[in-house]
Structure formats: C-alpha cells, structure tokens
Participant: 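Here's a structure for you.
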2 protein chains.
Amino acid sequence: MTKLTVEPRDCAACPIRHNAVCARCEADELEILEGIKTYRNYEAGEPIVFSGDDMEFVASVVTGVASLSQGLEDGRTQMVGLLLPADFLGRPGRRTAAYDVVAVSPLTLCCFRRGPFEELLNSTPHIGQRLLEMTLDELDAAREWMLILGRKTAREKIASLLSILARREASLRQATLTREASFTLPLTREAMADYLGLTLETVSRQISALKRDGVIRLQGTRGIEVPDFERLLAETGDDADGGPLI
Amino acid sequence: MTKLTVEPRDCAACPIRHNAVCARCEADELEILEGIKTYRNYEAGEPIVFSGDDMEFVASVVTGVASLSQGLEDGRTQMVGLLLPADFLGRPGRRTAAYDVVAVSPLTLCCFRRGPFEELLNSTPHIGQRLLEMTLDELDAAREWMLILGRKTAREKIASLLSILARREASLRQATLTREASFTLPLTREAMADYLGLTLETVSRQISALKRDGVIRLQGTRGIEVPDFERLLAETGDDADGGPLI
DNA sequence: CGTCTCGTTGACGACCTTCAAAGGGCGTGG
DNA sequence: CCACGCCCTTTGAAGGTCGTCAACGAGACG
C-alpha cells in the first residue's frame, strides 16, 4: 500500500503524449506542464480517493487501469467509469471527488497540481479544447454503457464488454481489428460484474456459456481468445451497422 | 408534423440566457450568435433527427423536453439523454447524429449553423469554457443514471426519477426544495420506462405502489404531489448524505 | 501443506417481463 | 349532446432471467 512518487520523466518520451489531455500542447506549454507534474504509482486494488475527499490534483492515466464507482446505502456498487491509459481523472473547478476511485491494476498517474493546471486551462486554449473533446468522448461511452445496463441481457452484456475491451486493446497497440483477436482481461469477475450491473456468479456463468458455445476460448481465467470477431459482435445485440464508436 | 421557423428573438430577453451555452458571452459575442441562429418548433412526439443523419446545426433547448435514444437490433430502446431548457444538442466536430432525438413535449430549439458556431468556438474562449462545464455536468448526470440503471430496483428507479424531476422543476423556477413538492410529469409512462430500463407496465405498477403507500399522490396521470420529500428520498436507495448533484 | 483469494457450478426463489384484457380521458363526428 | 374510437394507463396471471445462498475447485504464497 505504498504510494511511490517517481521523478518526472520527459514528456517527449511519454507513451500517452499524443492521446492525453496534453495532446495538442506546444513545446512551451509542455514545459509549463513538466513543472507542475508528479508521477504516482498504485498497486492493484489500492484506493486512490474516496467520494467526498478533497482532491488536490487532477491527473492522466499513464499505464494501468482505474475505476470510478458509486454506491448505494446498503452496499450495492456500480462502476461508472473505467480509466485506461491517456484518460483524464478529476474535474477542473471541483475540489471534492464525486466517486470512489480505485486502481484496478498496477497504475501510474501523471498528476498536476490543481491550481496551476486550472490557470493553464484558462490561459491556453489547447488544453481546454482537448479536454472538451475527451469529455465528449467519455459522454458517448457513458451513453453506450447506459444502453448495455438498461436493455441488454446478461449474455449480451458480457459479449459487449469483451468487444469493447478487444477494441481498446487493438487501438492501444495501434493495430486494426482482425477476424480473430486475443487479449488479457484487465478486470476480475467481480469488477466485470460491477461494470455490467450483474453479480459475479452471473458473469462467470455467462462466460462459461460463451465458451461452451465456441464464441470465445479461455487461456487461464484472464486470457480471452476470439476466433471470430463478427460472431462475438452478433452476440452483443447491437444494431449491425451503427455499431458502437470505433 | 410541421416544422415552423420563427424569426430570431432578442437574446437579452431569452429565458435561458444565463444557463445555456451562451451564458458567459459578452454583448459583442451575442451579436454574432444572433446572426447565425434560427428558432425551430416541434410538436410532442415529433422526431428531430435520426441516428446517422447529417446534422447541419447544433442547438439549445429554449422550452420543452427532448430525448436522446439508442436502440438494439430487435427494437429494444434505451433513453440516454433527457434535454431540458438550456441543455445543448449536438456535438461540435461531428456532423452525423449519434442518437435518435425526439421532442417529448412541444419544443423550441435555438439552432446555430454548424460552421459559424465552430468558428466561434475556436475564436472566443467563453463558449468553449461554458460548453466544457455543461458537458462535465452531463457526464455526472449520466453516471448517476448508470447507477440507477445498473443497481436499483424498479421501485427505487421510479423514486429516483421523481426526485430528479422534482429537483429540476424547482431549479427551473429558481425555487428551493421544500418539504412538500408538486409538479407535472413531462414524460409518458412509456418514456419513463425507456429512461429507467423498465417496461411501461412495471412503471405503472410501481407508481401505483408508491401511491398506495402514501409516498406520492396523483392528480390525474401526470400530476405528482410529494407530501414529504425526505420520504421520497428514502425510497431512492441513495446514500443519505452524498446524494445526487444538487 | 495450509490458507487466502479468485473463479466455477448448482439449487432455489424473487423480481421483473410478457401476454392479455379492461378502464379512463379526450377529440372527432354523427 | 352523446357516441365512438384512439391513446394512454392500469391491473392481472404466468413464466423466465437473474440474484441469493452454498459448496467446491484452482492457483499463489508463505
């Protein structure tokens, strides 16, 4: 549970340089950012902030996966955001966290002190423009997710999650989707259940069913092989053409 | 099904002047906006755009209610956005609609031609800043909605929707929430079901149950009276303090 | 080798959907 | 003015999907 603060690295060599909130920054703007940034590392399962906490920073995910969750009085919880590399954490203009944030896998954040970051947001248009674009993308993703939560069956939910993860995996590697795909699940069964509004038992059962029906193959519990991606897509229930965002 | 184009009115007299995307604009910026805006009216139930359509404008809702919906192959649909007065319709930088948009009640839009609006977005920071703020608010609302869709029971879903509508009703009138509240539902049972990921029969049954239990009273089918707002909140299942956005 | 976490599988029951029918409210037309 | 039809809503009965409770299996680690 140790929070390690690493020395800032060079932005030019950053793996998320061209996708994160700083994507459109010029050299001089990057220089300012370098001055206010710090890296933080978290272990899998480690909480980052709790809902209601004061957040003294905003951040970009450099590597790893984090989740945003909301809960009800009696302990039921729903994941409402899944942050992958390049995604942005925190809301400019609001100091208190609205969600519980947890590192799902080993995680590295590039943290910016709130005050200077918000000044930069006002003084240079590039960061605000990029943040708007990213926020609109997240809103689209949230709306696709709402369709999954509200109207899909358990089997369709699992198929949808797998296809989303396969797509993101491919785009991180800058590869195009081929007929067959394989990737490692970054989530436990419980986290998948939390994402999909199911119980972990139902998740496990439906994964077994998809495997039994030949839609996927398993390598251990986390390795997923998709022999025919079209077949998986057919299981999502989605409209053929429109399809989720590419 | 007639689409009436009304002469532009004076921005200074606009009912949503201080809440819409133009909220932070100076007099000179408003003047530019006045030059590219048009009003359009729609009847209740009238479609505005279909997913995949080319959208030549973006718009602010002036009066009335519109919904954004997504559908599955077999006809199941899920509402993914509810646009009330001052809310923004359309995404800068994307010409094709990602959702079906329908007027839920009689509706007036203040439409801006896409090209000039996007130029303005780049040339003046006030519009972009406000749009970012509104988009972040929508993202928060979408996440609260995801918790409702994924984890709440039918009864809790209905109570949540009623409390959200009561809150918005109060904020539109600039009133503070009192112990008792009353408002008119802007949605049919079917639209409520679409919002909550339920069937209209379940919606009807749960409204009857809340009425039987004295949580609400009905005036006709659309009029809702809440004798004790705390009692309604207790039915939402939400964490007592955190509570949804105010 | 024991323990702990994560995952799988089974039995049962609750909640919600599906299918069906009937009850208002309102406008149109006789 | 009343009757009729249409749409929205309510209510009932039956069935299916998924949640709950429980037991067991597999791999990691000390």
Side-chain angles (χ1 to χ4, degrees), chain A residues 1 43-46 72 74-78 102 104-106 148-162 184-213 216-224 235 237, chain B residues 43-46 72 74-78 102 104-105 148-162 184-213 216-224 235 237:
Chain A
M1 298 289 265
E43 302 170 16
E46 188 177 350
L72 297 179
D74 60 3
R76 283 171 285 172
T77 66
Q78 172 67 50
V102 178
V104 172
S105 70
I148 292 174
L149 289 172
R151 293 300 186 192
K152 291 193 179 182
T153 65
R155 184 182 176 98
E156 289 169 341
K157 285 179 175 182
I158 297 291
S160 299
L161 176 55
L162 293 181
T184 302
L185 282 175
L187 304 174
T188 65
R189 298 289 186 267
E190 186 178 15
M192 294 174 69
D194 226 31
Y195 185 108
L196 297 171
L198 297 171
T199 60
L200 65 90
E201 293 96 329
T202 300
V203 169
S204 183
R205 269 186 263 268
Q206 296 298 335
I207 288 181
S208 297
L210 288 174
K211 174 185 164 192
R212 193 174 53 242
D213 298 344
I216 58 174
R217 284 192 295 264
L218 297 186
Q219 299 288 2
T221 62
R222 298 293 192 91
I224 301 283
E235 295 284 354
Chain B
E43 302 169 16
E46 188 177 350
L72 297 180
D74 60 3
R76 284 171 284 171
T77 66
Q78 173 67 52
V102 179
V104 172
S105 70
I148 292 174
L149 289 173
R151 294 301 185 189
K152 291 193 179 182
T153 65
R155 184 182 175 98
E156 289 168 342
K157 285 180 175 181
I158 298 291
S160 300
L161 175 55
L162 294 180
T184 302
L185 283 175
L187 304 174
T188 65
R189 299 290 186 265
E190 187 178 15
M192 293 174 69
D194 227 31
Y195 185 108
L196 296 171
L198 297 171
T199 61
L200 65 91
E201 293 96 329
T202 300
V203 169
S204 183
R205 269 186 262 271
Q206 295 299 334
I207 288 180
S208 297
L210 288 174
K211 174 184 165 194
R212 193 174 54 242
D213 297 343
I216 59 174
R217 284 191 295 263
L218 297 185
Q219 300 288 2
T221 62
R222 296 293 190 91
I224 300 283
E235 295 284 355

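All chains are named by letter (A, B, ...) in the order of the sequence lines, taking the proteins before the strands, and each is independently numbered beginning at 1.
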Participant: I want to confirm an ordering. Mapping T202(A) and A154(B) to their closest nucleotides on DNA chain C, which one lands closer to the 5' end?
Facilitator: T202(A)
Participant: Does L196(A) form a side-chain contact (heavy atoms from CB on, under 4.5 Å) with K152(A)? I'd like the steps, not just the answer.
Facilitator: CA-CA 10 Å; L196(A) 297 171; K152(A) 291 193 179 182; over 6 Å; no
Participant: Mind checking which nucleotides bracket the chain B contacts on DNA chain C, 5' to 3', with an atom under 4.0 Å from a heavy atom?
Facilitator: dC16(C) to dC19(C)
Participant: Expressed in angstrom and rounded to an integer, what is the separation of E201(B) atom CD from dC8(D) atom P?
Facilitator: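 Answer to the nearest Å: 14 Å.
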Participant: For Y195(B), does its backbone N or O pair with a side-chain atom of Q78(B) as donor and acceptor, under 3.5 Å?
Facilitator: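 Answer holds: yes.
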Participant: In whole angstrom, what separates L218(A)'s CG from dG25(D)'s C1'?
Facilitator: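 Rounded to the whole Å, the gap is 15 Å.
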Participant: Scan L200(B) against the nucleic acid and name what it touches under 4.0 Å (heavy atoms): base, sugar-phosphate only, or nothing.
Facilitator: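 Base, at least one base atom sits under 4.0 Å.
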Participant: Regarding R155(A), tell me which of base, sugar-phosphate or nothing describes its non-hydrogen contacts under 4.0 Å with the strands shown.
Facilitator: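 No contact.
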Participant: In whole Å, what is the span from the CD atom of E156(A) to the C1' atom of dT17(D)?
Facilitator: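 Between C1' of dT17(D) and CD of E156(A): 12 Å.
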Participant: Taking S208(B) for its side chain and S204(B) for its backbone only, find out whether a donor-acceptor pair lies under 3.5 Å.
Facilitator: yes
Participant: Over how many whole Å does the gap from L196(A) atom CG to dC18(D) atom P extend?
Facilitator: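 Rounded to the whole Å, the gap is 12 Å.
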Participant: State, yes or no, whether a side-chain contact exists between L162(A) and E235(A) at a heavy-atom distance under 4.5 Å.
Facilitator: no
Participant: Expressed as a whole number of angstroms, how long is the span from Q219(A):CD to dA26(D):C1'?
Facilitator: 16 Å
Participant: Mind checking S208(B) for me? I need base, sugar-phosphate or nothing, with any heavy atom below 4.0 Å counting as a touch.
Facilitator: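 Here S208(B) touches the backbone only, sparing every base.
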Participant: Would you indicate what S204(A) reaches in the nucleic acid, counting non-hydrogen atoms under 4.0 angstrom: base, sugar-phosphate, or nothing?
Facilitator: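 It contacts base atoms.
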Participant: Does atom CD of E201(A) have more than 12 heavy-atom neighbours, drawn from other residues, nucleotides or ligands, at distances under 6.0 Å?
Facilitator: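 Above 12, so yes.
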Participant: Rounded to the nearest angstrom, tell me the gap between atom CD in Q78(A) and atom P in dG19(D).
Facilitator: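 After rounding, the reported distance stands at 11 Å.
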Participant: Within this structure, what is the CD1-to-P distance between I158(A) and dT17(D), rounded to whole angstrom?
Facilitator: 16 Å
Participant: Between C1' on dT10(D) and CZ on R222(B), what's the gap in Å once rounded to a whole number?
Facilitator: 15 Å
Participant: For the backbone of R76(A) and the side chain of R151(B), can you confirm whether one donor and one acceptor N or O come within less than 3.5 Å of each other?
Facilitator: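 Not at all, since once roles are kept as given, no pair shorter than 3.5 Å links the two residues.
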Participant: Is R205(B) close enough to dT10(D) that one of its side-chain N or O atoms is under 4.0 Å from OP1 or OP2 there?
Facilitator: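 No, because none of the side-chain N or O atoms of R205(B) sits under 4.0 Å from OP1 or OP2 of dT10(D).
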Participant: Between E190(A) and R151(A), which is nearer to the 5' end of DNA chain C once each is assigned its nearest nucleotide?
Facilitator: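 Taking each residue's closest nucleotide, the earlier one in sequence belongs to E190(A).
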Participant: From the options T77(A), T199(A), T188(A), select the one residue that forms a side chain to side chain donor-acceptor pair (under 3.5 Å) with D194(A).
Facilitator: T77(A)
